[in-house]
Participant: 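Provided herewith is a single structure, encoded as structure tokens, for subsequent inquiry.
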Amino acid sequence: MKSVCVFTGSNRGVSDAYATFAEQLGQEITNRGMGLVYGASRVGLMGVIADAVLAAGGHVVGVIPEALRKKELMHEGLTETHVVKSMHERKALFAELSDGFVAMPGGLGTLEELFEVLTWAQLGFHNRPVGLLNVSGYYDELLRFLDQTVAQGFVHRKHRSMMLIDEEPAALLDAMADYRPASVSKWIDQADEL
Ligand code: AMP
């Protein structure tokens, strides 16, 4: 992987651990010679990870829709910034510019971005790794719910396990580097093992 797209909160969350891990992930990405692609905001964990990569001498590409830029939330110090017309255009560019995706703790925007790249992977539109950095168990409840989607026959087990999960940035990036995409049909044959 040459560049990793990170989805994370435009807020910092209540625990300082989130910012600490955003910094660690930024440093780890940079130490491996990779660049960061993200939503170009200067606020919340988004700003924290961008600043960590820049401070380590790394490369940060931001992609931001015009409407958010006007709200003056854009980070002004990035290596490269693309201002696009819509959220849809932004996500298409994220996908084009990135060799893998990581979701850190975040809110609705982060969840939407995570599930979009997972659904695209499930349909075979891309075969890049998708990682979840589960800082301090933030995503434990969501992971339990995803087990339920498998148990109830709505998600194939192999699609559920496409999402790589770790609490440590280094281990997560290692797993993403080793990722081999499974080729599984989206539609669950009822005779299939669930
Ligand atoms: P949320 O998790 O709801 O805070 O949203 C964060 C995600 O949505 C990020 O990964 C961004 O791509 C996008 N996003 C939300 N708010 C902003 C913002 N103010 N500027 C840029 N991107 C944002």
Side-chain angles (χ1 to χ4, degrees), residues 1 3-26 28-30 34-54 58-121 125-126 128-143 145-146 163-165 169 172-173 176:
M1 292 186 292
S3 61
V4 178
C5 182
V6 175
F7 308 129
T8 192
S10 54
N11 288 294
R12 292 175 70 102
V14 295
S15 162
D16 289 341
Y18 302 133
T20 302
F21 276 82
E23 280 172 10
Q24 280 179 18
L25 178 63
E28 199 60 47
I29 287 172
T30 311
M34 300 187 293
L36 170 72
V37 177
Y38 87 116
S41 177
R42 62 178 164 74
V43 293
L45 296 182
M46 298 176 71
V48 172
I49 190 166
D51 287 340
V53 172
L54 292 169
H59 192 274
V60 185
V61 178
V63 184
I64 193 161
E66 185 67 40
L68 286 178
R69 185 176 75 110
K70 285 189 185 140
K71 288 189 180 166
E72 293 180 290
L73 296 171
M74 189 171 91
H75 196 304
E76 299 288 343
L78 305 180
T79 320
E80 211 179 301
T81 304
H82 300 266
V83 180
V84 294
K85 290 204 176 63
S86 66
M87 289 300 250
H88 294 296
E89 213 180 300
R90 164 201 251 179
K91 285 186 287 183
L93 197 53
F94 273 163
E96 201 180 301
L97 295 172
S98 316
D99 303 311
F101 307 90
V102 173
M104 281 208 52
L108 298 177
T110 302
L111 293 172
E112 190 259 350
E113 290 169 328
L114 168 65
F115 282 108
E116 183 170 84
V117 290
L118 283 171
T119 51
W120 287 5
F125 293 171
H126 74 78
R128 281 161 272 173
V130 180
L132 185 74
L133 191 66
N134 190 18
V135 178
S136 307
Y138 176 71
Y139 282 115
D140 286 354
E141 300 292 326
L142 180 74
L143 296 174
F145 179 71
L146 289 176
M163 186 171 27
L164 305 168
I165 304 153
L172 185 63
L173 292 173
M176 290 173 68

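Numbering of ligands and ligand atoms starts at 1, following listing order. We count residues from 1, following the sequence as given.
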Participant: Measure up the Phe101 and His126 rings against each other and bin them: parallel (under 30°), tilted (30 to 60°), perpendicular (over 60°).
Facilitator: tilted
Participant: What protein heavy atom is closest to atom 6 (C) of ligand 1, reported as residue, atom name and distance in Å?
Facilitator: Thr8 O, 3.1 Å
Participant: Using the benzene-type ring in the case of Trp, are the ring centres of His75 and Tyr38 under 6.0 Å apart?
Facilitator: no
Participant: Any heavy-atom pair between the side chains of Pro129 and Met1 that's under 4.5 Å?
Facilitator: yes
Participant: Side-chain contact test, heavy atoms from C-beta onward, threshold under 4.5 Å: evaluate it for Pro169 versus Leu133 and give yes or no.
Facilitator: yes
Participant: Going by the order shown, which atoms of ligand 1 are within less than 4.0 Å of some heavy atom of Gly9?
Facilitator: 2 (O), 4 (O)
Participant: Using the rule given for side-chain contact (heavy atoms from CB on, under 4.5 Å), can you reason through Met104 versus Thr110, listing the C-alpha separation, both sets of side-chain angles and the distance that settles it, and then say yes or no?
Facilitator: CA-CA 8 Å; Met104 281 208 52; Thr110 302; over 6 Å; no
Participant: Please determine if Gly107 has a nitrogen or oxygen closer than 3.5 Å to a nitrogen or oxygen of ligand 1.
Facilitator: yes
Participant: Would you say Asn11 has any N or O atom under 3.5 Å from an N or O of ligand 1, going by distance alone?
Facilitator: no
Participant: Which protein heavy atom lies closest to atom 5 (O) of ligand 1, and at what distance to 0.1 Å?
Facilitator: Gly109 CA, 3.4 Å
Participant: Among Leu108, Val37, Ile64, Thr110, which one puts a heavy atom closest to atom 2 (O) of ligand 1?
Facilitator: Thr110
Participant: Please list the nearest protein heavy atom to atom 20 (N) of ligand 1 with its residue and the distance rounded to 0.1 Å.
Facilitator: Ser41 CB, 3.2 Å
Participant: Heavy atom under 4.0 Å from ligand 1: found in Leu111's side chain, backbone, both, or neither?
Facilitator: neither
Participant: Just heavy atoms, cut-off under 4.0 Å: does Glu113 contact ligand 1 by side chain, backbone, both, or neither?
Facilitator: side chain
Participant: Quick one: pull up CE in Met87 and CD in Glu116 and give me the separation to the nearest 0.5 Å.
Facilitator: 10.5 Å
Participant: Which residue holds the protein heavy atom closest to atom 19 (N) of ligand 1, what is that atom called, and what is the gap in Å?
Facilitator: Leu73 CD1, 3.2 Å
Participant: Using a 4.0 Å cutoff against the non-hydrogen atoms of Gly106, which atoms of ligand 1 qualify?
Facilitator: 2 (O)
Participant: Would you please determine whether Ala40 falls within less than 4.0 Å of ligand 1 on a heavy-atom basis?
Facilitator: no
Participant: Hey, what do you get for CG (Leu172) to CG (Leu164), rounding to the nearest 0.5 Å?
Facilitator: 6.5 Å
Participant: Considering only the protein, which heavy-atom contact is closest to atom 15 (C) of ligand 1, and what is its distance?
Facilitator: Ser10 OG, 3.9 Å
Participant: Hey, is CZ on Arg12 packed in by over 12 heavy atoms from elsewhere, all under 6.0 Å?
Facilitator: no
Participant: Rounded to the nearest 0.5 Å, how far apart are CD of Glu23 and CG of Leu45?
Facilitator: 10.0 Å
Participant: Report yes or no: does Arg90 have a heavy atom closer than 4.0 Å to ligand 1?
Facilitator: yes
Participant: Does an N or O from Leu68, backbone or side chain, lie closer than 3.5 Å to an N or O of ligand 1?
Facilitator: no
Participant: Should Phe94 and Val117 be marked as a side-chain contact (heavy atoms from CB on, under 4.5 Å) after you check the CA-CA gap, both sets of side-chain angles, and the distance that decides it?
Facilitator: CA-CA 10 Å; Phe94 273 163; Val117 290; over 6 Å; no
